[in-house]
Protein chains: 2
Amino acid sequence: MKEQDAYIKLIEKGVHPSAQRLAIMQYLMSHFTHPTVDEVFQDLTKKIPTLSRTTVYNTLRLFSEHNAAQMITIDDHHVCYDGNTNPHAHFYCKSCGKVVDMHEEEVPYLSKPKMMNGKIVDEIQVYYKGICNDCMSREKNK
Amino acid sequence: MKEQDAYIKLIEKGVHPSAQRLAIMQYLMSHFTHPTVDEVFQDLTKKIPTLSRTTVYNTLRLFSEHNAAQMITIDDHHVCYDGNTNPHAHFYCKSCGKVVDMHEEEVPYLSKPKMMNGKIVDEIQVYYKGICNDCMSREKNK
DNA sequence: ATGGGTGCAAAGGATTTGCAACATT
DNA sequence: AATGTTGCAAATCCTTTGCACCCAT
């Protein structure tokens, strides 16, 4: 049950579960496309016509502050979100702009904050960048 | 000689070495603070009063496109640059905002683009986030 | 003389803020 | 009633663009 999962996640992360927040969390938990703020807004506004972009911005920020979602900043023009907060690497295609998971590649696991060289590390992000399968075949067919 | 190093680097990366570009590259090669566009501008404008912010923006973008520098996007509000293009991890302090190198931690080395799961990967970035030494001691003394 | 580089001013776009209205407890 | 949440409009801020000027080849 996606609805319950979203509810549980918000509670676990200490985020008060309003209707909008539940909808946004549900969206993140059922779309693994790493949506941008605007994609979330465009899709959800169909179901919740009163939803505002501001709320989506505020909510996603709130989620990432509470570690209920991950903000992914590939570069200054491509910010998106991932509802999966388990550590995993991301791949960014420089040609089509898609962001996909790279579960195959290892990311050091942090179940809790860890001391590293005198610093407390509580988050690790790994980005691979290049050209994806699809763009490569498209390239060849030219 | 820093000036020559900067000159050589630009030539190697195929960037025409104008006076401004040399100055900016020299700045990057002698400041390991991971400066923002504005920090580069504020510092260099003292020596080159005619320098414009636009040129700094354009130049840093040009550098990163030519792999002469690395754009670091910690989050949507903190974009900075690193003149060191050898692969190395970065640490971001959530408290003071500083970005420092983490040479101790490994980053997969790519001397040339590599196939990974059907994708061509030509760049890997690793970010550690947490609280730095200084902020930790400051915290304790309260 | 030509092509590229620079810098101003203006445009553009994304994100945040202020604030009033609204829900929910 | 009180507290927190939402959403509109406006403000802000960062970055890019258009264009004229300038420099170096």
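Proteins get letters first, then strands, A, B, ... in listed order; numbering begins at 1 in each.
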Nucleotide C:dG4, atom C1' - distance to CG of B:Leu10 in whole Å: 15 Å
Whole angstrom value for the distance that separates P of D:dC14 from CG of B:Asp75: 13 Å
C:dG7 OP1/OP2 closer than 4.0 Å to side-chain N/O of B:Thr50: yes
Using a cutoff of under 3.5 Å, can you pull out all pairs of nitrogen or oxygen atoms linking the protein to nucleotides 15-18 of chain C, with atom names and distances?
unit_1	atom_1	unit_2	atom_2	d
C:dT15	OP2	A:Tyr57	OH	2.4
C:dT15	O5'	A:Tyr57	OH	3.4
C:dT16	OP1	B:His77	NE2	2.9

Nearest-angstrom distance from the residue atom CD1 of A:Ile48 to C1' of D:dT6: 12 Å
Non-hydrogen side-chain atoms of A:Val56 and A:Leu44 separated by less than 4.5 Å: no
Geometric class of the B:His34/B:His88 ring pair [parallel <30°, tilted 30-60°, perpendicular >60°]: tilted
Side-chain donor-acceptor contact under 3.5 Å, A:His31 with A:Asp43: no
Heavy-atom side-chain proximity of A:Met25 to A:Lys13 below 4.5 angstrom: no
Between P of D:dC23 and NE2 of B:His16, the distance in whole Å: 14 Å
Rounded interatomic separation in angstrom, taking CD from B:Glu39 and C1' from D:dC14: 14 Å
Salt bridge (Lys or Arg N to Asp or Glu O under 4.0 Å) between A:Lys129 and A:Asp75, worked out: CA-CA 11 Å; A:Lys129 304 186 187 184; A:Asp75 65 35; 5.8 Å; no
C:dT6 phosphate, OP1 or OP2, under 4.0 Å from B:Ser18 side-chain N/O: yes
Residue mapping more 5' on DNA chain C - nearest nucleotide basis, B:Arg21 or B:Pro49: B:Arg21
D:dG7 OP1/OP2 closer than 4.0 Å to side-chain N/O of A:Gln20: yes
Rounded distance in Å - CG (A:Leu62) to P (D:dG4): 13 Å
For atom CD of B:Gln42 and atom C1' of D:dC14, their distance in whole Å: 14 Å
Heavy-atom check, side chain of A:Tyr127 versus side chain of A:Val99, under 4.5 Å: no
CA sep, side-chain torsions, deciding dist, call: A:His90, A:Ile72, side chain to side chain contact (heavy atoms under 4.5 Å, CB included): CA-CA 9 Å; A:His90 290 109; A:Ile72 298 177; 3.3 Å; yes
A:Ile24 CD1 to D:dT5 P, straight-line distance once rounded to whole Å: 13 Å
